[in-house]
Enquirer: 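I have a structure here, written as C-alpha cells, and I will follow up with some questions on it.
Quick note: numbers below take in every heavy atom, side chains included, and nothing from hydrogens, waters or symmetry partners. Values in this document were obtained by computation on a predicted structure and should not be read as measured data.
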Amino acid sequence: MSRYASEALRSIALVGHGAAGKTSLAEALLFATGAIAAKGSIDKGNTVGDSDPQEKEAGHSLNSAVVNFGYEDTHVHLIDTPGYPDFAGQAIAALAGVDTALIVVNAQTGVELMTERMMRHAAERKLCRMIVVNKIDADNLDLPGLVADIRERFGKQCMVLDLPAHGGADVVEVLEHDAGDADFESVAAAHRALIDQIVEEDEDLLAQYLEDGADPSAAALHAPFEKALREGHLIPILFTSARTGAGIKELLHVLASLAPNPAEGNPPPFYKGEPGGATEAFQAVPDACRHVLAHVFKVVADPYMGKIGIFRVHQGTVKKDMQLFVGDGKRPIKVGHLYQLQGKDTVEVDELLPGDIGAIAKVDEIEFDCVLHDSHDEDHIHLMPLEFPKPMAGLAVETKKKGDEQRLFDILGKLSMEDPTFVVERHPSSNETVIRGLGEIHLKAKLAKMASQFKLEVDTQPPRIPYRETITGQAEAMYRHKKQSGGAGQFGEVHLRIEPQGRGEGFEFVDAVKGGVIPGVFMAAVEKGVRQGLEGGVVAGYEVEDVRVTVFDGKTHAVDGKEVAFTIAARKAVIEAVRNARPIVLEPIVAIEIVVPEGSIGDLTGDLSSRRGHITGTDGRGHGMAAISGEVPLAELNDYQSRLKSLTGGQGSYTIEFARYSAVPPNVQQHMASKFQLHDEDE
C-alpha cells in the first residue's frame, strides 16, 4: 500500500439514521476510487462494510466498519456506522477516531432521530460536520422542503455546497461555479451566499472581497473554509445517490480538497492527569517525529485473530515491531503485526502516521478507550471520554445447560468488551445475571451472536428493575458490637451521621474521628461495613445512593478490638441511620420516543398515560408516520414491545434512553416495603 504524508490523510465517519444509505454510500465511494471492482449491495449481502453474517441476515449494519481509499493525492479513512438507535454505541465511539462527521440524511424520510442525535454528538466533540442528502434519485421528493427543515433544525449555517440537477441525475457544485442548471434554488444565489459566509472568517479577505467584488481564489478560500468548519459556522450540505453515482465524484472532491487533515481539524481533547483528580489539557501534535500517542476507539473479539484493538494515531509514528505502553501499564507490548482495515480484511503495513487508522491483534492488555504510547512520559494522558446513552433495556439470562456458567461469563465479557453500551450485571441478592443494552433489538443481536458464534444457548426472563434507595433527611446512629466466646472476643463501637447529597453525586465517606477513639487501622473496616449496609438497602432491598456518611465517634478495646467487629458495627449503625433519615425508593425514568402511524397517536398517548407516562410532544415524520416523545417509568415497559405491536399493527417502533431517577409513588413504596419486610423475616 502506498504511503501518504499526514497532510494528505482524511478521517471521516458516516453517521445518521438507519436506512439513510450509509453502507451503500461507502460502497459507491470505494467503487468510484477503484478500491473495489464492483459495488456490493445490502440485498445481496456482499458489501465491504456489512461482512458479519448477522448483518447480512438483518439487512443493516450492527457494527462500525473501517475502510480506506485514495483519491486526488489524498488517502481517506472512512468509518461506516450503524444507524439504528439500538446500536448507537458503535456510531458514537467512531467519533473519537475522526476529524469529520458526514451526517447522512435519507432524502425520502428526512431528518430522523439518529440524524439529530449524531449531529449533537459530533458538535459536542467539536468535529467538522457535513450533511449528505442521499437517495436523490427517489420519486416524490421535496428537496427544497428538506433543506428548509435542515436549516430550521440545525441553523442557517447549513448551506448547500452543491445542488441536484436534471431530476437528481447529476449535481452542480456551487463553490467554484456561479452559474448552471439546478432542480431548485439558484446556483448563482447559492454561490454568492456561500462565498459571503466563508469570507467572514478572514478580515483581510473580507475587506478585499468588499473592495473589488471579485470572488477569492480557491486557494485563498481554503483556510477560512476550514476555520468555518472547525467553529461550526459552516455545515455544508451535499447531494448524492449511492445507487446511481450522482454526486459521488463531487463528494470525493470535497473530501480531498476541503475536509480537514489532522492538522486542520479541532485538536482531540486529550488531558493529563487521572479522572476525578487534578487534570490539565494536553495538546497532541500531528508530528510523525514526536512520541507516539494513539487512542483505541474500537475493540473486536475475533475468533481467529484474538483481541483486536482499532486505533487512531494522533502523534508520532507507530511502526511494526516497536514497543508500546497501554495506559499506565508498566510492561510494554510488542507490535508484532500492524494492520490497516478494509472491512473484515486486514492489510499488513510497516507504519502508521498521525491521522492514520489502524489495528493490532492478539494483545490482551488493550481495552476500549485506552491510550497507546511509547514513553512513560505519557502514562497519565487520556482522551476525554465520549458520552454514551445509558443501557436501560435488560434481560436476566441463565444457561440452558448446567456447568456452562463460567462459559457464559467469559462470553459476556467478550461482548461487553466490544460494546460500550452493552453492560453485564450480577445481582447476588436475586442470583441474577442481567444483560443491559439500548433496546430489545440490541439485546436480541447479542443473544444471536452468543448462539451463532459461541454456540451457547441461554434462557431469558425480565430482570428486576434497577430501583435505588436514598434519604430525604439527616440522622445519627450508633451501634456497639460485642461478642465473647471464651477466648479473645470482638468489640467495636461506631457513631455516624448520614445526610443526603444531590441526585447523581453518589456516595461519600468522611472520617471525622478525633483522638484515636477508632484507630486508623480499623477505618477501612468501618467504611467496608458502611458500604455493605448501603448495598443491601433498608426500605425494599435496593442500594442506597447519593448519601454522605460521616463517622465521628466510637470505641475500641485494647484486646478485643477487631476489624470484623467494626465492620459489623458500621453496617448495623448505617442501617439504623438510614431508617431514621426518611428513606425513599427511586425508580429509573426513561425518555421514550415512539414512531407510529399517525392514526395510532391517540391510542398510544392514552396507553402511555395509563403507564404513569408523561407526553412531552409529537412530531410529524412524513409518509403517514409521527413521533411521540415522553417520559415513563422503566418498570412500566416490560411488555411494551408486544403492546406496541398490537396497537399499531406491527408498524410501531420505540427507543428509550435513561433520563433520571425519581421517587416512586407512596403506595408503590408501601407495597415494595411490605414485600421486603416479609422476605427479611423469612431470611
Enquirer: Between the main-chain N or O of Ser64 and the side-chain N or O of Gln90, is there a donor-acceptor pair closer than 3.5 Å?
Expert: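 It does hold such a pair.
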Enquirer: In a check of side chain to side chain donor-acceptor pair (under 3.5 Å) between His233 and each of Gln157, Lys227, Glu201, which one passes?
Expert: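 The side chain to side chain donor-acceptor pair (under 3.5 Å) with His233 is passed solely by Glu201 among Gln157, Lys227, Glu201.
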Enquirer: Test side-chain contact (heavy atoms from CB on, under 4.5 Å) on Val172 and Asp181 and set out the steps.
Expert: CA-CA 8 Å; Val172 55; Asp181 295 327; over 6 Å; no
Enquirer: Is there a donor-acceptor contact under 3.5 Å from the side chain of Glu27 to the main chain of Val48?
Expert: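 Judged by distance alone, yes, a pair lies under 3.5 Å.
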Enquirer: When the side chains of residues 14-21 are checked against the rest of the protein, which donor-acceptor pairs come out under 3.5 Å, sequence neighbours left out?
Expert:
| residue | atom | partner | partner atom | Å |
| --- | --- | --- | --- | --- |
| His17 | ND1 | Met114 | N | 3.1 |

Enquirer: Which atom names give the shortest non-hydrogen contact between Phe311 and Ile360, and what distance separates them?
Expert: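 Nearest pair, atom of Phe311 first, then Ile360: CE2-N, 3.8 Å.
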Enquirer: Would you say the side chains of His77 and Asp356 form a donor-acceptor pair under 3.5 Å?
Expert: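 Judged by distance alone, the side chains do pair up.
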Enquirer: Under 4.5 Å between any side-chain heavy atoms of Leu252 and Phe69, yes or no?
Expert: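 Counting from C-beta outward, Leu252 and Phe69 do come under 4.5 Å.
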Enquirer: Any pair with a residue in residues 90-107 that passes salt bridge (Lys or Arg N to Asp or Glu O under 4.0 Å), sequence neighbours left out, goes on the list, sorted by first then second residue, please.
Expert: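 Sorted pair list: Asp99-Arg312.
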Enquirer: With distance as the sole test, does Asp183 use its side chain to make a donor-acceptor pair with the main-chain N or O of Gly167 at under 3.5 Å?
Expert: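 Indeed, once roles are kept as given, a pair shorter than 3.5 Å links the two residues.
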Enquirer: Could you walk me through whether Thr81 and Leu95 pass the side-chain contact (heavy atoms from CB on, under 4.5 Å) check?
Expert: CA-CA 10 Å; Thr81 69; Leu95 298 180; over 6 Å; no
Enquirer: Measure the shortest side-chain to side-chain distance between Val595 and Leu113 over non-hydrogen atoms and say whether it is less than 4.5 angstrom.
Expert: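 Contact flag for Val595/Leu113 side chains = no.
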Enquirer: I need the full list of side-chain hydrogen bond (donor to acceptor under 3.5 Å, both in side chains) pairs touching residues 34-60, with sequence neighbours left out, sorted by first then second residue.
Expert: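 Applying side-chain hydrogen bond (donor to acceptor under 3.5 Å, both in side chains) to every pair that reaches into residues 34-60, excluding sequence neighbours, yields Asp50-Ser61.
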Enquirer: Identify the two heavy atoms, one from Ala242 and one from Asn134, that lie closest to each other, and give their separation to 0.1 Å.
Expert: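 In terms of heavy atoms, the two residues are closest at N-OD1, 3.1 Å.
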Enquirer: With no hydrogens and no angle check, is any side-chain donor or acceptor of Glu226 less than 3.5 Å from a backbone partner on Gly265?
Expert: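 No; judged by distance alone, with no hydrogens or angles, the pair does not exist.
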Enquirer: Going by the rule salt bridge (charged side-chain N to carboxylate O under 4.0 Å, His left out), which residues pair with Glu418 if we only count those two or more places apart in sequence or in a different chain?
Expert: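 Residues passing salt bridge (charged side-chain N to carboxylate O under 4.0 Å, His left out) with Glu418: Lys449.
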Enquirer: Measure the CD1-CG distance between Ile656 and Leu637 for me, rounded to the nearest 0.5 Å.
Expert: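 The CG atom of Leu637 is 6.0 Å from CD1 of Ile656, to the nearest 0.5 Å.
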Enquirer: Does any non-hydrogen side-chain atom of Leu175 lie less than 4.5 Å from one of Ile195?
Expert: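 Side chain of Ile195 against side chain of Leu175, heavy atoms only: contact under 4.5 Å found.
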Enquirer: Over 60° means perpendicular and under 30° means parallel, so tell me whether Tyr4 and His75 are parallel, tilted or perpendicular.
Expert: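 Tilted, since the angle between the ring planes falls between 30° and 60°.
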Enquirer: Evaluate the ring planes of His314 and His295, with Trp represented by its six-membered ring, and classify them as parallel (under 30°), tilted (30 to 60°) or perpendicular (over 60°).
Expert: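 His314 vs His295 ring planes: tilted.
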Enquirer: Look at the side chain of Ser6 and the backbone N and O of Pro354, then say whether any donor-acceptor pair between them is shorter than 3.5 Å.
Expert: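 Confirmed, Ser6 side chain pairs with Pro354 backbone.
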Enquirer: Please determine whether a side-chain nitrogen of the Lys or Arg among Arg10 and Glu264 lies less than 4.0 Å from a carboxylate oxygen of the Asp or Glu.
Expert: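 Glu264 and Arg10: not salt-bridged.
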Enquirer: Evaluate the criterion salt bridge (charged side-chain N to carboxylate O under 4.0 Å, His left out) for residue pair Asp86 and Lys444; output intermediate values, then yes/no.
Expert: CA-CA 10 Å; Asp86 280 32; Lys444 281 184 176 179; over 6 Å; no
Enquirer: Do Leu141 and Lys135 have side chains that approach each other closer than 4.5 Å (heavy atoms only, starting at C-beta)?
Expert: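 No, side chains not in contact.
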Enquirer: Go through it in stages, so that I can follow the logic: the residues are Leu608 and Ile594, the test is side-chain contact (heavy atoms from CB on, under 4.5 Å), and I'd like the CA-CA distance, side-chain angles, deciding distance and then a yes or no.
Expert: CA-CA 10 Å; Leu608 267 186; Ile594 317 163; 3.6 Å; yes
Enquirer: What's the separation between atom CD1 in Ile12 and atom CE in Met130, rounded to the nearest 0.5 Å?
Expert: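 The distance works out to 6.5 Å.
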Enquirer: Is there side-chain contact between Leu62 and Pro82, with heavy atoms separated by less than 4.5 Å?
Expert: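 SC-SC contact between Leu62 and Pro82 ruled out.
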Enquirer: Taking the side chain as C-beta and beyond, is there a heavy-atom pair between Phe154 and Ile103 under 4.5 Å?
Expert: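 The answer is no, as the side chains (C-beta and beyond) never meet within the 4.5 Å cut-off.
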Enquirer: Suppose the criterion is side-chain hydrogen bond (donor to acceptor under 3.5 Å, both in side chains): which pairs have a residue in residues 120-133, not counting sequence neighbours?
Expert: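 Qualifying pairs: none.
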Enquirer: Quick one: are Phe388 and Leu438 in side-chain contact, heavy atoms under 4.5 Å?
Expert: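 No. Closest side-chain heavy atoms not under 4.5 Å.
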Enquirer: Is it true that Asp302 and Lys414 have a side-chain N and a carboxylate O under 4.0 angstrom from each other?
Expert: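 Judged by the 4.0 Å cut-off on N to carboxylate O distance, Asp302 and Lys414 do not form a salt bridge.
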Enquirer: Are the side chains of Val313 and Leu353 in contact, using a 4.5 Å heavy-atom criterion?
Expert: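 No; the side chains remain at least 4.5 Å from each other.
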Enquirer: Run Glu367 and Lys307 through salt bridge (charged side-chain N to carboxylate O under 4.0 Å, His left out) and show every step you take.
Expert: CA-CA 9 Å; Glu367 302 290 344; Lys307 196 175 191 180; 3.2 Å; yes
Enquirer: Counting only N and O atoms by type, is there a donor-acceptor contact under 3.5 Å from the side chain of Arg151 to the main-chain atoms of Cys158?
Expert: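 Here the side-chain-to-backbone pair exists.
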Enquirer: State which residues pass side-chain hydrogen bond (donor to acceptor under 3.5 Å, both in side chains) with Ser24; sequence neighbours excluded, sorted by chain then number.
Expert: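 With neighbours one apart ignored, the set is empty.
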Enquirer: After noting the C-alpha distance and the side-chain angles of Leu29 and Ile248, does the key distance pass the side-chain contact (heavy atoms from CB on, under 4.5 Å) rule?
Expert: CA-CA 7 Å; Leu29 294 169; Ile248 296 300; 3.9 Å; yes
Enquirer: I'd like to know whether CD1 of Ile441 has more than 12 heavy-atom contacts from other residues, nucleotides or ligands below 6.0 angstrom.
Expert: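 No, because the 6.0 Å sphere around CD1 of Ile441 holds 12 heavy atoms or fewer from other groups.
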Enquirer: Determine whether more than 12 heavy atoms belonging to other residues, nucleotides or ligands lie under 6.0 Å from atom CD of Glu387.
Expert: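 For Glu387, atom CD is not crowded (no more than 12 foreign heavy atoms under 6.0 Å).
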